[in-house]
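Chain letters run A, B, ... following the sequence lines, proteins first and then strands; every chain starts at 1. Note that these values count all heavy atoms, side chains included, but never hydrogens, waters or copies made by symmetry. Everything numeric in this text was worked out from a predicted model, so none of it was measured.
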There are 2 protein chains.
Amino acid sequence: MLDERKKTILKITVKDYIESAQPVSSRVLAKKYLLGWSPATIRNEMADLEEEGYLIQPHTSAGRIPSDRGYRFYVDFLLDGYELYEEDIRMVNSIIFSSLEWENLLKKVAELMSERTTFIGVVLFPQLKNATLKKIEFVDLKEEAVVIIVTTSTGIVKERIIKLSRPINEEELQIIRVRLNKEFENKELQDVYWILTKDKKNFILPQEIVDTLIDILRELLYTGREEGVFVSGLSKILQHLEFQNINKVKTLIDVLEEEKTLSSLLFSAFLNKGLTILIGQEINIPELSDCSVVTTIYSLGGSITGSIGMIGPKRMKYERVLAFVELVGKTLSEKLVQILGE
Amino acid sequence: MLDERKKTILKITVKDYIESAQPVSSRVLAKKYLLGWSPATIRNEMADLEEEGYLIQPHTSAGRIPSDRGYRFYVDFLLDGYELYEEDIRMVNSIIFSSLEWENLLKKVAELMSERTTFIGVVLFPQLKNATLKKIEFVDLKEEAVVIIVTTSTGIVKERIIKLSRPINEEELQIIRVRLNKEFENKELQDVYWILTKDKKNFILPQEIVDTLIDILRELLYTGREEGVFVSGLSKILQHLEFQNINKVKTLIDVLEEEKTLSSLLFSAFLNKGLTILIGQEINIPELSDCSVVTTIYSLGGSITGSIGMIGPKRMKYERVLAFVELVGKTLSEKLVQILGE
DNA sequence: TTTTAGCACTCTCCTTATGGGATTGCTAAA
DNA sequence: TTTAGCAATCCCATAAGGAGAGTGCTAAAA
């Protein structure tokens, strides 16, 4: 374990580097922060910290910057406390409690997160493993075209247009509607999915309808909308100094357009069930090794859970981002409680 | 008007520059394309073409590159013909005729376009000015939470969750449902919107329901989903040589994350009602002055229209992109006919 | 009159050299 | 154990030089 002086030096080194983006030298530490030790002393301590893997020297005659391990120690043990801003609270509330349909709301949340922090905001679609089916509805468009609409207990709606191979009139549709709803209302989506796939042939229903229902359920259950995530803030993050060179930008954009990568990244937030930080290599995505990721979940009991996250340079103000992400997660959950009850 | 020799020289200059990305010199023109004139002669002609604004010299001792006017002349008068690839046709069909809900389909189309061309694919949400209302549905979630679902004649579905100020039971909901559908079924969205806003107070209905309906209709009518566009292909376009410097990339990304700019750009495709090319400054967005935009519409009669487009460097293979965009537009329209009839 | 050869001139870009500046590690003294 | 002093190291901005490519112009050839 590090002694007090080493902790202090590490802490100030991390803080200064986050602010200045310049390797921190012993001279700056001694002079700017008036620590009471001479540069030479500090130099010795920093050499020790480097040996133990907390600091890195970009080249021989440069100051030092924190390693992943240095950031990790800082975040785990040296943080002074979270910094929650009034203005953030106001904005988060005003977006989340405005009336919007689901998808639009989540998209706005992603935009808001990047807007307020200049980092990337990511929102994972709600995962519905424990939700129940509320209603199946059919809307007859014309001739053989029908819209099938499924509503879940969590208020998520998913629809699809299908073209039938033979015309179905409103009476017949009504029979199907009543029958399906009687059978499936308030059943878990999971179960409905299994019943439909197993007994596929035994339903005396137009095959297209059964197939489409299965399709809709699968999407609701396993992927939100195609591994759905909303990502926002590319244009914001490029202003940071770590993304000045074109190749880093390219690899970053490659990753961020790959929805699968992001959704599985956010998905892992479920396991931790709370505020999580991953720093650099810990993220386990080489292209993001200059970044940190802060995630949390939003939820209502067990029936609906999703997660949100921010991706930014490792050089981020953790005090602020941690507080902010927590705020957004909590506010989203509150909104769920308000609408769907406890 | 240009004489034959100037046309030939301009044509080959444009072609060579599109291929090589290098300023084209008189020597290359004479030697590589065996035109039968000496470099000196070609040099004179190129000087003329520059004077007339078709070519530009990046600096004194460089070859020449096409100006916007040069590209425009090339596209209008010098194109050999469209180039439609078998593989493109296969891929476009397989994506567009797979069964997907609306939004997902359009998103996939944008991805497809960028995938096939390495340029940016943009898809504007369907504009519904002439669509009619098909059905209004309520799903009772629990206590005071209700989902309102509106389906249009074009098969577009939009929903919203609301929290009521007092409980409403299923019987009461049924009365509202029947009454609203009786009154509004098959009426134009436009009209329903006006009736609701004008007679707001006269409906003996919970105020929240009326307000939410108005909200949904406004979104359907005026903005798709929030000026909705799908954009795809950022990571692809960065491989092109014109986006090697960081500032160009930044300004490009700024524009592409600004949905309003893009949707109004695509919206203008409606006025032209067909395949449109804008080159460089013609686009009228300074940040895109190194780009060309090719757009077209997809439609079914007058009831549903949207547009699609590609954004790429001016140095694009117009023969191919024009054919491709036309293909995607036509195939999308076909799908509409197939589902919704004529 | 039109086309072409020849040549000086211009500009870019790459490589190399140079010097200032910052910071370190080490040694020896406090 | 801490500190002052100093040589050594590396980065980086700037300048200098030279190769290469292509043009414009002039004068001769077709």
Next item on the list: Just compare C/dG25, C/dT24, D/dT23 and give me whichever is closest to any side-chain atom of B/S25.
Entry: D/dT23
Checklist line | Listed once per pair and sorted, the ring-ring contact (aromatic ring centres under 6.0 Å, His included) pairs that draw on residues 8-53 of chain B, sequence neighbours left out | finding: none
Margin query: Please tell me if B/S38 has a side-chain N or O lying less than 4.0 Å from either OP1 or OP2 of C/dT3.
Written below: no
Check: Mind checking what makes side-chain hydrogen bond (donor to acceptor under 3.5 Å, both in side chains) contact with B/K32, not counting sequence neighbours?
Finding: B/D16
Note to self: Test of understanding: with salt bridge (charged side-chain N to carboxylate O under 4.0 Å, His left out), list the residues that count as partners of A/D88, not counting sequence neighbours.
What the structure shows: A/R116, A/R320
Send over the distance from [X] [atom1] to [N] [atom2], rounded to a whole Å.
X     : N      : atom1 : atom2 : answer
A/L35 : D/dT3  : CG    : P     : 11 Å
B/R27 : D/dG24 : CZ    : C1'   : 18 Å
A/E45 : D/dT2  : CD    : P     : 7 Å
A/R64 : C/dT24 : CZ    : P     : 6 Å
B/L29 : D/dT23 : CG    : C1'   : 14 Å
A/D48 : D/dT1  : CG    : P     : 12 Å
B/L49 : D/dG24 : CG    : C1'   : 16 Å
B/M46 : D/dA21 : CE    : C1'   : 14 Å

Margin query: For A/T251, give me all partners under side chain to side chain contact (heavy atoms under 4.5 Å, CB included), at least two apart in sequence or on another chain.
Written below: A/E287
Any salt bridge between [X] and [Y], counting N to O under 4.0 Å?
X      : Y      : result
B/R315 : B/D290 : no
A/E115 : A/K108 : no
A/K317 : A/E83  : yes
B/E259 : A/K107 : yes

Pairs under 3.5 angstrom, nitrogen or oxygen only, protein versus nucleotides 25-30 of chain D, please.
none

Checklist line | ring pair (Phe, Tyr, Trp, His ring centres under 6.0 Å) against B/F324, all qualifying residues, sequence neighbours excluded | finding: none
Item checked: Results of ring pair (Phe, Tyr, Trp, His ring centres under 6.0 Å) for A/F119 - residues two or more places apart only -> A/H240
Could you list the donor-acceptor pairs under 3.5 angstrom formed by side chains in residues 71-81 of chain B, with sequence neighbours left out?
from  : atom 1 : to     : atom 2 : distance (Å)
B/R72 : NE     : B/E282 : OE2    : 3.1
B/R72 : NH1    : B/D76  : OD1    : 3.2
B/R72 : NH2    : B/I277 : O      : 2.9
B/R72 : NH2    : B/E282 : OE1    : 2.6
B/Y74 : OH     : B/E319 : OE2    : 2.7
B/D80 : OD1    : B/K11  : NZ     : 2.9
B/D80 : OD2    : B/K15  : NZ     : 3.0

Atom pairs under 3.5 Å: protein N/O with N/O of nucleotides 12-14 of chain D:
none

Next item on the list: Answer with yes or no whether the side chains of B/T13 and B/Y54 bring together a donor and an acceptor at under 3.5 Å.
Entry: no
Notebook entry, point to check: Do other residues, nucleotides or ligands put more than 12 heavy atoms under 6.0 Å from A/E87 CD?
Noted result: yes
Notebook entry, point to check: Counting only non-hydrogen atoms, which of residues 1-21 of chain B are less than 4.0 Å from DNA chain C?
Noted result: B/R5
Checklist line | Close residues, residues 51-58 of chain A, relative to DNA chain C [heavy-atom separation under 4.0 Å] | finding: A/Q57
Notebook entry, point to check: Can you list every pair that meets salt bridge (charged side-chain N to carboxylate O under 4.0 Å, His left out) and has a residue in residues 18-29 of chain B, with sequence neighbours left out?
Noted result: none
Notebook entry, point to check: Relative to the 5' end of DNA chain C, which residue comes earlier, B/T60 or A/S61, by the nucleotide with the nearest heavy atom?
Noted result: B/T60
Next item on the list: Once you apply the 3.5 Å cut-off to both distances, tell me the Watson-Crick or G-U wobble partner of C/dA30, or none.
Entry: D/dT1
